[in-house]
Amino acid sequence: MNNLDLERILNQELNIEAITDYAPNGLQVEGKSAVKKIITGVTACQDLLDYAVAQQADALLVHHGYFWKNESPLIRGMKGKRIRTLLVNEINLYAYHLPLDVHPTLGNNALLAQMLNVKNLQPLEKSAVSIPIYGELQTALSATELTERIRTALQREPLHCGDNAPDKIRTIAICTGGGQDYIDLAAAQGIDAFITGEVSERTIHSAREQGIHFYAAGHHATERCGIKALGEWLAQQYKLNVAFKDIDNPA
C-alpha cells in the first residue's frame with residue numbers, strides 16, 4: 001500500500017479532525033512510498049525503532065510519537081538518533097494519540113472498559129468529544145475484587161486508594177494513560193471509582209477527600225490494547241503484514 005494512502009485510511013478511521021491534540025496525528029516522519037510490513041507499539045522509543053529495522057519494516061504505527069507541544073524543535077541527542085534511524089532506513093512513522101484513546105471500538109478507553117466488563121459507556125465530559133468515559137458493572141464489586149480484575153486484565157498490580165470511598169463499586173470512569181486529573185470530574189458526577197494510568201501526589205488527596213476509589217494501573221499497561229487493536233484492524237481490513245511489539249515499561 002502507498003504510504004500516503006495508508007495515512008488517509010488511518011486518519012479517516014480515527015477521525016483525527018474531531019479533537020485538538022498535543023502532537024500531530026498521522027504520518028510524522030515520511031519513509032518509503034510502498035508499505036508492506038508494519039510494526040505497531042505504544043511508544044516510538046529507540047528499542048522499538050531498532051526492532052523495526054531488524055524486522056525490515058516499512059512503517060511504525062504508534063500511540064506516542066514525536067513533536068509534542070512545547071517540545072524543543074532541535075533534532076539532536078536522543079531525538080536526533082531516533083529521527084536518523086527512521087530516515088536512514090526509510091521507515092514511515094505514523095502516530096495517533098488522543099484519537100486512538102477515544103475511538104469507540106479500537107480506543108484505549110473502550111478496550112480497557114471491555115476487559116473489565118464495564119458496560120453502558122457514556123462520555124464523562126460534556127463536550128463534543130469526551131476524553132474520559134464512564135459506565136457500570138452488572139454486579140457491584142468490592143475494591144479488592146476490582147483490584148484483582150485489573151491485575152488479571154493488565155498483568156500489573158495497580159495502585160489503589162479507597163479511603164472514605166463506598167464499600168461496593170458499580171460505576172467506573174476510565175481515562176487511560178496520564179488522565180489522573182479527571183478524578184475531580186468523576187467525583188463531581190458521583191462515580192464510585194476512577195481508573196487511569198498515572199498518579200500524582202495531589203491525586204491521592206482528591207480521592208480521599210472526595211470519597212472515590214482511585215486506581216493507577218500504569219500508563220503503558222493501560223495503553224497497549226489500542227495500538228495493538230488498530231494494527232489488527234489494518235491487517236484484517238487491508239491484508240497488510242502487521243505485528244505488535246511490546247517494549248515493556250513499568251511506568
Side-chain angles (χ1 to χ4, degrees), residues 19 42 63 98-229 246 248-251:
I19 190 166
V42 178
H63 181 47
L98 293 180
L100 184 58
D101 288 320
V102 304
H103 192 281
T105 58
L106 301 173
N108 289 313
N109 290 334
L111 290 171
L112 181 56
Q114 180 181 314
M115 293 166 75
L116 300 177
N117 203 25
V118 179
K119 307 292 187 180
N120 303 321
L121 300 179
Q122 303 290 330
L124 189 66
E125 294 178 291
K126 308 305 180 186
S127 59
V129 179
S130 175
I131 299 173
I133 58 173
Y134 75 95
E136 60 185 10
L137 299 167
Q138 282 189 313
T139 302
L141 298 177
S142 69
T144 301
E145 289 170 329
L146 182 54
T147 296
E148 179 58 30
R149 185 171 291 189
I150 295 170
R151 181 192 301 118
T152 300
L154 299 179
Q155 296 298 297
R156 176 195 166 104
E157 183 71 28
L159 179 151
H160 170 243
C161 176
D163 303 354
N164 308 314
D167 292 336
K168 289 292 184 178
I169 298 169
R170 182 175 290 276
T171 54
I172 298 176
I174 295 173
C175 185
T176 62
Q180 60 267 48
D181 287 339
Y182 285 110
I183 187 174
D184 296 328
L185 182 58
Q189 297 189 31
I191 304 295
D192 297 328
F194 176 63
I195 302 171
T196 187
E198 297 186 8
V199 61
S200 298
E201 190 270 349
R202 62 185 175 274
T203 316
I204 300 303
H205 296 298
S206 289
R208 288 172 175 166
E209 294 175 35
Q210 297 181 89
I212 183 173
H213 289 277
F214 172 76
Y215 292 88
H219 195 134
H220 179 84
T222 58
E223 296 195 327
R224 284 191 301 244
C225 48
I227 198 67
K228 186 172 185 289
D246 186 26
D248 190 37
N249 187 332

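Worth knowing before you read on, the calculation uses all heavy atoms, side chains too, and leaves out hydrogens, waters and symmetry mates.
For residues 104-126, no pair satisfies ring pair (Phe, Tyr, Trp, His ring centres under 6.0 Å), with sequence neighbours left out. Applying the salt bridge (charged side-chain N to carboxylate O under 4.0 Å, His left out) rule to pairs touching residues 112-140 yields nothing, sequence neighbours excluded. Screening residues 147-196 for ring pair (Phe, Tyr, Trp, His ring centres under 6.0 Å) gives His160-His213, His160-Tyr215 as the qualifying pairs, with residues at least two apart or on separate chains. For residues 112-156, no residue pair satisfies the ring pair (Phe, Tyr, Trp, His ring centres under 6.0 Å) rule, not counting sequence neighbours. The stretch residues 104-129 participates, sequence neighbours left out, in no ring pair (Phe, Tyr, Trp, His ring centres under 6.0 Å) pair at all. Sorted by first then second residue, the salt bridge (charged side-chain N to carboxylate O under 4.0 Å, His left out) pairs that include residues 206-216, not counting sequence neighbours, are Asp163-Arg208.
Side-chain atoms of Asp246 and His220 include a donor-acceptor pair closer than 3.5 Å.
Judged as a salt bridge (Lys or Arg N to Asp or Glu O under 4.0 Å), and not counting sequence neighbours, Asp184 has no contacts. With sequence neighbours left out, the salt bridge (Lys or Arg N to Asp or Glu O under 4.0 Å) criterion links Arg202 to Asp181. Taking Ala187 as the reference, Gln210, Ile212 meet the side chain to side chain contact (heavy atoms under 4.5 Å, CB included) condition, with sequence neighbours excluded. With sequence neighbours left out, Ala140 forms a side chain to side chain contact (heavy atoms under 4.5 Å, CB included) with Lys168, Arg170. Legend: residues meeting side chain to side chain contact (heavy atoms under 4.5 Å, CB included) with Glu157, ordered by chain and number and at least two apart, are Thr147, Arg151. The side chain to side chain contact (heavy atoms under 4.5 Å, CB included) check on Leu106 picks up Glu13, His103, Ala229, Leu230, Trp233, with sequence neighbours excluded.
Residues Ala173 and Ile191 share a closest heavy-atom pair of N-CG2, 3.5 Å. Taking every heavy atom of both residues into account, Gly211 and Pro166 meet most closely at O-CD, 3.4 Å. The two residues Glu198 and Gln180 have their closest heavy-atom pair at O-CB, 3.4 Å.
In this structure the side chain of Asn249 never reaches within 4.5 angstrom of the side chain of Val42, judged on heavy atoms. At a threshold of 4.5 Å between non-hydrogen side-chain atoms, the residues Val199 and Ile183 do not count as touching. Between Lys228 and Leu111 there is no side-chain heavy-atom pair separated by less than 4.5 Å. Contact check for Leu116 versus Ile172: no side-chain heavy atoms found under the 4.5 Å cut-off.
Of the possible donor and acceptor atoms, one in the side chain of Ser142 sits under 3.5 Å from a partner among the backbone N and O of Glu145. Side chain of Thr171 to main chain of Ala193: no donor-acceptor pair is present (N/O by atom type, distance under 3.5 Å, no hydrogens or angles). A donor-acceptor pair under 3.5 Å is absent between the side-chain atoms of Asn109 and the main chain of Val102, judged by distance alone. For the pair Arg224 (side chain) and Leu154 (backbone), a donor-acceptor distance under 3.5 Å is present.
Put simply, CG on Leu159 and CD1 on Ile150 are 10.5 Å apart, with the number rounded to the nearest 0.5 Å. The distance from atom CD1 of Ile169 to atom CZ of Arg149, rounded to the nearest 0.5 Å, is 10.5 Å. Taking OG from Ser127 and CD1 from Ile19, the interatomic distance works out to 8.0 Å, rounded to the nearest 0.5 Å. Taken to the nearest 0.5 Å, the CZ atom of Arg156 stands 9.0 Å off from the CG atom of Asp248.
Other residues, nucleotides and ligands contribute at most 12 non-hydrogen atoms within 6.0 Å of the CD atom of Gln138. Other residues, nucleotides and ligands contribute only 12 or fewer heavy atoms inside 6.0 Å of the CG atom of Asp167.
Here the options are Thr196, Ile174, Leu112, the test is side chain to side chain contact (heavy atoms under 4.5 Å, CB included), and the partner is Thr222; only Leu112 passes.
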Using the rule given for side chain to side chain contact (heavy atoms under 4.5 Å, CB included), can you reason through Asn117 versus Thr139, listing the C-alpha separation, both sets of side-chain angles and the distance that settles it, and then say yes or no?
CA-CA 10 Å; Asn117 203 25; Thr139 302; over 6 Å; no

